[in-house]
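Some notes on the structure that comes next.
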Amino acid sequence: MSKIAVLDYGTSNLRSVAKALEFVAVGQHDILVTDQRREILNADRVVFPGQGAVGQCMKSLKDSGLDDIVRECINTKPFLGICLGLQSLMQTSDEDGGVEGLGIIPGKVVRFPDNVKDEHGDICKIPHMGWNRVNQQAPHPLWKNIEDGARFYFVHSYYVQAENDEDIAAKTNYATEFTSAVASGNIFATQFHPEKSQHAGLTLLKNFLNWEIS
Amino acid sequence: MTLAKRIIPCLDVDAGRVVKGVKFVEIRDAGDPVEVARRYDEQGADEITFLDITASSDNRDTMVHVVEEVASQVFIPLTVGGGIRTLDDIRRMLIAGADKISINTAAIKNPSFVGEASDRFGAQCIVVAIDAKCTSSGHEPRHWEIFTHGGRNATGIDAIEWAVQMEQQGAGEILLTSMDRDGTRDGFDLELTRAISEAVNIPVIASGGVGCLEHLVDGVIKGKADAVLAASIFHFGEYTVQEAKAIMSQHGIEVRI
C-alpha cells in the first residue's frame with residue numbers, strides 16, 4: 001500500500017484534506033497526517049495543505065524544520081500544495097508586513113486590490129470566497145476528467161503572481177486575473193481547495209494519487 | 001464576474017438530530033444530519049450550515065460527532081454555529097472537520113473574541129452571525145439593532161455599525177438574519193441586506209424569510225448578498241437546490257450548476 005503524507009506543521013485544519021484523501025484512496029493508499037521527518041521522507045507522495053496567515057505558516061514550518069523536508073520532497077516525489085501550501089512555495093508574500101517564502105517557484109504573493117468593481121458595479125469582496133472557474137492553461141495529468149473552466153471552492157485574500165508562464169497551470173478571474181494553480185516538475189499546487197470542491201475536487205485528488213512522474 | 005453566488009441550506013440540529021422536520025421524499029431517516037447533508041450535497045448545495053440549538057451543554061459533544069461524520073462524506077464547505085463561546089470550542093469544531101465557525105452571542109459579550117479567533121485560526125473560518133431587527137417607527141429612515149435570544153432581547157447596538165466593527169475585528173464573512181422576517185416566508189429584508197452588504201468589504205450571507213425561489217433572486221440582485229441561506233423551502237421538499245439555481249441563472253446570476 002502506498003503512503004501519502006499530509007504535512008502537519010501545527011497551524012492548519014488538516015482534517016478536511018485527510019478525509020477527502022481517505023475518501024478517494026478507498027483502501028489503496030495509507031493517509032498519514034504527520035510531522036515526523038522520517039515518515040514524510042519515506043512517503044510515496046506528499047500533500048502540503050495550509051490555511052490562515054502565511055507568516056504563521058512559514059514560522060511553524062521553519063520552527064518544525066519541515067521547510068527542509070519540503071525542499072527535499074519536491075525533487076523526489078509527487079507533491080501537492082493547497083492554498084497556503086501554494087503560497088509558501090513562492091519567493092515572498094506581502095501578507096503580515098512581508099514574509100519570505102520557500103522560494104521554490106519564482107514569483108510573489110500579493111493582496112487582492114480593494115474597491116475593484118465587477119461588471120454590475122458591485123465591489124469585489126475580500127476574501128474571494130466561493131466557487132469560481134479554474135481555466136486550465138496547459139495539459140496536466142491532474143486535470144484528467146476535469147472540464148476546463150470547472151468550478152472549485154476558493155477562500156483567500158492573497159493570490160500568487162508566478163513569474164514564469166510555464167509554471168502556470170490555471171488562471172481564475174476575480175478582481176483581476178490571477179494564478180489559481182501552478183505546476184512545475186513534481187509539484188502541483190492550487191489556490192483553491194480540492195478537498196472542499198465536491199466532484200471536481202475529489203477527481204483532482206484522485207488524479208494526484210494516480211500521478212506517475214515520468 | 002465568474003464567482004458564483006452561493007446557495008446554503010441550513011439545518012437546525014438538537015442533540016445530534018435534525019429538527020424542524022425535514023420532509024424529503026424517499027429519505028430513510030430525515031432526522032439524520034449525515035443523510036440530509038448528503039442529499040443537499042447531491043442537489044448541488046454550495047455549502048451547508050449547521051446550527052446547534054442544543055440547550056444542554058451535556059449534548060455539545062454530540063455536535064462534534066455529527067460534524068465528524070458529515071465531513072467524512074460530504075466534500076463541500078461546512079459551517080457550524082450555535083453555542084460557540086471559546087477558542088477551544090472553535091478548535092474542536094475545526095478539528096472535527098468544520099470549515100467555518102459562526103459566532104453570535106459570544107461576539108456581543110466580547111467583541112475582541114472575534115479578533116482573537118481570527119488571529120488564531122484565520123479570517124477565512126470566522127463567520128459573525130448578526131440577528132437584526134428594525135427599530136425605527138413611522139416615517140423615520142429605517143435603522144436596525146442587534147437582538148439576542150431569538151429576537152427577544154435588544155442590545156441597543158446599531159446593526160450596520162456592528163457589521164463594520166466585526167469586519168475590523170477580523171470576521172471573514174457575515175451571516176445576516178432579519179428577525180422581523182425569520183419564519184414569515186415574506187422574503188429577505190432587502191433594505192437591511194443591502195445596507196449591510198454595502199457597508200462592509202467582506203461577503204454577506206442573507207438569511208430570514210425565504211418563502212419562494214424568487215426571494216433568493218431578490219436577495220442577490222436587490223439585497224446585494226454574496227450568498228443566500230434558507231431552511232424550510234428546501235427541507236419540506238417544496239424546492240430543490242437545483243431548481244433554485246435554475247431560477248437564479250435565468251435572472252442572470254452566476255451559479256455553480
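In what follows, chains carry the letters A, B, and so on, assigned in the order in which the sequence lines appear, proteins first and then strands, with residues in each chain numbered from 1. Since this is a predicted model, take the numbers as computed values, not measurements.
- In terms of heavy-atom pairs under 4.5 Å with chain A, the best-connected choice from B:S118, B:S72, B:A71, B:P77 is B:P77.
- For B:R6, the part lying near chain A is the side chain, with the backbone staying farther off; criterion is any non-hydrogen pair under 4.5 Å.
- Of the N and O atoms on the side chains of A:K125 and B:S197, at least one donor lies less than 3.5 Å from an acceptor on the other residue.
- Looking at A:H29 and A:K3, their side chains never come closer than 4.5 Å, going by heavy atoms from C-beta outward.
- If you measure heavy-atom distances from B:E198 to chain A, you find no contacts under 4.5 Å at all.
- Side-chain contact between A:R133 and A:T172: absent, with no pair of heavy atoms (C-beta onward) separated by less than 4.5 Å.
- For the options A:H199, A:H193, A:M129, heavy-atom pairs under 4.5 Å to chain B are most numerous at A:M129.
- When heavy atoms are compared at a cutoff of 4.5 Å, B:D41 approaches chain A by way of both its backbone and its side chain.
- Of the N and O atoms on the side chains of A:Q191 and A:Q87, at least one donor lies less than 3.5 Å from an acceptor on the other residue.
- Among A:H128, A:H156, A:E22, the residue with the largest count of heavy-atom pairs under 4.5 Å with chain B is A:H128.
- The shortest side-chain heavy-atom distance between B:V217 and B:I253 falls under the 4.5 Å cut-off.
- Of the listed residues (B:G122, B:A227, B:P203), the greatest number of heavy-atom pairs within a distance under 4.5 Å of chain A belongs to B:P203.
- Taking the six-membered ring for Trp and the full ring otherwise, A:F154 and A:F192 have centroids separated by under 6.0 Å.
- One side chain, B:W144 or B:D189, offers a donor N or O that lies under 3.5 Å from an acceptor on the other.
- The part of B:D226 that comes within reach of chain A is its side chain, from C-beta onward, which places non-hydrogen atoms under 4.5 angstrom from that chain.
- Contact annotation for B:V204: both backbone and side-chain heavy atoms come within less than 4.5 Å of a heavy atom of chain A.
- For a residue to count as touching a neighbouring chain, one of its non-hydrogen atoms must lie under 4.5 Å from one of that chain's; by this rule A:I126 touches chain B with backbone and side chain alike.
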